[in-house]
Amino acid sequence: MAQKPSIPKGTRDFGPQIMVRRNYIFDTIRNIFKRYGYQPIETPAMENLSTLLGKYGEEGDKLLFRILNSGDFIAGMDSSENLTSEKLAPFISEKGLRYDLTVPFARFVVQYRNDITFPFKRYQIQPVWRADRPQKGRYREFYQCDVDVVGSDSLLNEAELVQIVDDIFNQLNIKVLVKINNRKILAGIAEYIGSPESLTDITVAIDKLDKIGVEKVNAELSEKGISVESIKLLQPILFMQGSSREKISRLETLIGQTSIGAKGIAEVSQLFDYLDNMELKLPYELDLTLARGLNYYTGAIFEVKALDVAMGSICGGGRYDDLTSIFGLPDVSGVGISFGADRIYDVLNELALFPETTTETTFALFVNFGKAEENYCLPYLWKLRQAGVNAEIFPDSDKMKKQMRYADQKNIPVVIIAGEEEMNKKQFTVKWMQSGEQQTVESDALIEILTGFNNLPNR
RNA sequence: GUGGUUGUAGCUCAGUUGGUUAGAGCAUCAGAUUGUGGUUCUGAGGGUCGCGGGUUCGAGCCCCGUCUCCCACCCCA
């Protein structure tokens, strides 16, 4: 007995009808990326582990898929030593699947720095892999659609990214909220409350504010060794209400004296100046509880959430000042944002927002009655294809019932029938599947008639 | 990594207090219909009941282990 076919946990197959919808998402995103002047690149599925490790924090390292070395990697090892998997790991694996597109991009920029004209605006649509436990909206293989610009400090780039977000989700008809924050503000807060070293703990804790409430956040903070004094100082920040502008001015009185905090405030208010003049359709707000776990961010951070469906963020990004310097190219700042195509698919699916796309790929099918009929049809099939009509001939002279059924299941709107009678009269019988109507056409007129219908605006 | 849940035909699921040969719908294939699909009718194929062990005269059902699926947490797109 053959074993039951299956695919690894957290991965999916995509059939033709799903691919039509996925391509709708990819095409929409890609077209908008291009319109803003971004250029495509691709990088390999696997990177050296030295490229990937340490860029995503402790959690991220654990979620990296590692690739086993080829060959007998165990041969030269001293078996008398007490081997832990930690010690073993570098010997048996030196490559890993990419975890995101930003870090490989930073590597790419440094590697080809002499060929790149800065500022470099690139987009990249490729799958990434994470050894996570799958659940709703979470997969082990999923596509990210990244736009980044490196080599420019201007906040105009941040503003443009928000504009792209606005553009894309308007076109996809998804209602979203764009949350904006700045790592420098978070650092300023940490400094203000007197524990700048625990920036990460603080951000992770306040990120959970709307989920678990103030009391549990405070409990977690003191658990992490943050003093009662500091937690007290933090409260007015946690409870801050009002519009983004009001928050900014109140922040000034709190963390304005810290130099990093002042810098963050200046950046955010400049960004909001840009955004307020852009007439964006989607709501955006300053959210001080937005932290984002990826630890390479240094300035603005973004996150986009769908409003009408319970789902993790469908889009996120930020500015990273030091990512290229890790690979040996200092002073090149970048900023970018990543669209999660698979989650966007789930949102569109759940809200039934996919447009009525035609799943049909073939417009006309020639029925196959045998060798002679084949020879009669083939020149016309060729002409139809040359005229830009998607057409095919059934490859076997099976029963007509089976061929009609094939057309029906594949949603092919036109079936062209030519048997002995039609051949003798140099004609074709054209059947319109939806109405069931049939018409007899002269063979010379076939191409013209079908191209005319094929160009109708509704197709 | 932590917690919960699920597993029976290709898919969705029934299956009584443990009892003879494990069922249905959908899908597939064939026929009714040798040049006409989506409807209908008839028939057929398809199963190591996730896997391994145990209890029992007897296990799809009870017990233990294990894997898997989905969900939540952590974290994230």
Side-chain angles (χ1 to χ4, degrees), chain A residues 1-11 15 25 29 56-64 98-102 125-146 165 176 200 203-205 207-208 211-212 216 220 290-295 301-306 310-317 336-347 365 367-370 373 394 397-423 428-438 440:
Chain A
M1 244 314 180
Q3 72 176 48
K4 223 178 190 181
S6 65
I7 56 175
K9 178 199 292 210
T11 64
I25 295 171
I29 290 174
Y56 308 107
E58 233 176 279
E59 285 289 328
D61 284 356
K62 276 192 236 163
L63 297 179
L64 280 172
R98 75 166 96 80
Y99 179 90
D100 72 354
L101 299 178
T102 307
I125 299 177
Q126 289 192 273
V128 302
W129 294 268
R130 295 183 187 178
D132 229 344
R133 280 244 193 129
Q135 53 183 288
K136 190 185 178 190
R138 168 168 311 187
Y139 308 100
R140 293 183 130 182
E141 177 184 63
F142 60 97
Y143 270 76
Q144 291 196 328
C145 313
D146 272 36
V165 169
V176 299
T200 319
T203 54
V204 167
D207 186 37
K208 295 178 195 163
K211 247 187 205 166
I212 62 175
K216 282 187 180 167
E220 187 169 324
L290 172 62
R292 295 194 60 75
L294 296 178
N295 60 6
I301 45 183
F302 310 103
E303 196 163 284
V304 180
K305 291 208 71 173
M311 176 84 62
S313 62
I314 54 178
C315 183
I337 196 158
S338 175
F339 293 79
D342 303 79
R343 284 188 178 174
I344 290 172
Y345 181 96
D346 291 342
V347 169
L365 172 80
V367 170
N368 189 329
F369 283 129
E373 290 86 347
F394 201 85
S397 62
D398 274 323
K399 279 180 193 159
M400 184 134 179
K401 179 184 170 114
K402 181 166 178 175
Q403 301 193 38
M404 294 301 290
R405 201 171 140 72
Y406 174 83
D408 184 51
Q409 301 243 309
K410 212 171 161 183
N411 250 317
I412 298 173
V414 175
V415 172
I416 302 164
I417 302 162
E420 222 173 304
E421 201 177 314
E422 285 91 345
M423 282 201 294
F428 286 100
T429 298
V430 174
K431 171 155 184 162
W432 301 87
M433 292 297 277
Q434 211 173 354
S435 63
E437 281 170 36
Q438 292 189 184
T440 306

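The chains referred to below are lettered A, B, ... by the order of the sequence lines, with proteins before strands, and numbering in each begins at 1. Side-chain atoms are counted along with the backbone in the values below, which use heavy atoms only and exclude waters and symmetry mates.
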Quiz item: Under 4.0 Å between a side-chain N/O of K136(A) and OP1 or OP2 of rC70(B), yes or no?
Solution: no
Quiz item: Hey, is the side chain of Q135(A) poking within less than 4.0 Å of OP1 or OP2 on rA72(B), counting only N and O atoms?
Solution: yes
Exercise. For E373(A), enumerate each residue passing the side chain to side chain contact (heavy atoms under 4.5 Å, CB included) test, keeping only those at least two apart in sequence or located in another chain.
Key: F369(A), M423(A)
Exercise. Under the side chain to side chain contact (heavy atoms under 4.5 Å, CB included) rule, collect the residues that match up with Q126(A), sequence neighbours excluded.
Key: E42(A), T43(A), R98(A), L101(A), Q124(A)
Self-check item: Whole-Å distance separating the CG atom of D342(A) from the P atom of rA77(B)
Solution: 13 Å
Quiz item: Which residues pass the side-chain hydrogen bond (donor to acceptor under 3.5 Å, both in side chains) test with S313(A), sequence neighbours left out?
Solution: none
Quiz prompt | Under the salt bridge (Lys or Arg N to Asp or Glu O under 4.0 Å) test, residues paired with K399(A) that sit two or more places apart | solution = none
Quiz item: Taking CD1 from I25(A) and C1' from rA77(B), how many angstroms apart are they, rounded to a whole number?
Solution: 13 Å
Exercise. For D342(A), enumerate each residue passing the side-chain hydrogen bond (donor to acceptor under 3.5 Å, both in side chains) test, keeping only those at least two apart in sequence or located in another chain.
Key: R12(A), R22(A)
Could you go through nucleotides 3-6 of chain B and list every protein N or O atom that sits under 3.5 Å from one of its N or O atoms, giving the distance for each pair?
from, atom 1, to, atom 2, distance (Å)
rG3(B), O6, R133(A), NH1, 3.2

Exercise. Assign each of S313(A) and A418(A) to its nearest nucleotide of RNA chain B by heavy atoms, then name whichever residue's nucleotide is nearer the 5' end.
Key: A418(A)
Quiz item: What pairs with T11(A) under side chain to side chain contact (heavy atoms under 4.5 Å, CB included), at least two apart in sequence or on another chain?
Solution: I7(A), P8(A), E141(A)
Quiz item: Looking at residues at least two apart in the chain, or sitting in another chain, which of them share a side-chain hydrogen bond (donor to acceptor under 3.5 Å, both in side chains) with Y406(A)?
Solution: E392(A), K410(A)
Exercise. Would you kindly give the CD1-to-C1' distance between I314(A) and rC76(B), to the nearest whole Å?
Key: 14 Å
Quiz item: For RNA chain B, what dot-bracket results from Watson-Crick or G-U pairs at under 3.5 Å, with [ ] for crossers and | for inter-strand partners?
Solution: ((((..(..((((.....[...)))).(((((.......))))).....(((((..]....))))))..))))....
Look for any protein N or O under 3.5 Å of an N or O in nucleotides 26-29 of chain B and output each such pair with its distance, or none.
from, atom 1, to, atom 2, distance (Å)
rU28(B), OP1, R405(A), NH2, 2.9

Quiz item: Under the ring-ring contact (aromatic ring centres under 6.0 Å, His included) test, which residues partner Y345(A), sequence neighbours left out?
Solution: F354(A)
Exercise. Can you sort out the partners of L63(A) under side chain to side chain contact (heavy atoms under 4.5 Å, CB included), two or more places apart, ordered by chain and number?
Key: Y99(A), D132(A)
Quiz item: Tell me: CD1 of I7(A) to C1' of rC69(B), nearest whole Å?
Solution: 12 Å
Practice problem: Figure out the CE/P separation between M311(A) and rC71(B), and round it to whole Å. | Solution: 10 Å
Self-check item: 5'-most by nearest nucleotide on RNA chain B - R140(A) or M400(A)
Solution: M400(A)
Quiz item: Taking OH from Y56(A) and C1' from rA77(B), how many angstroms apart are they, rounded to a whole number?
Solution: 13 Å
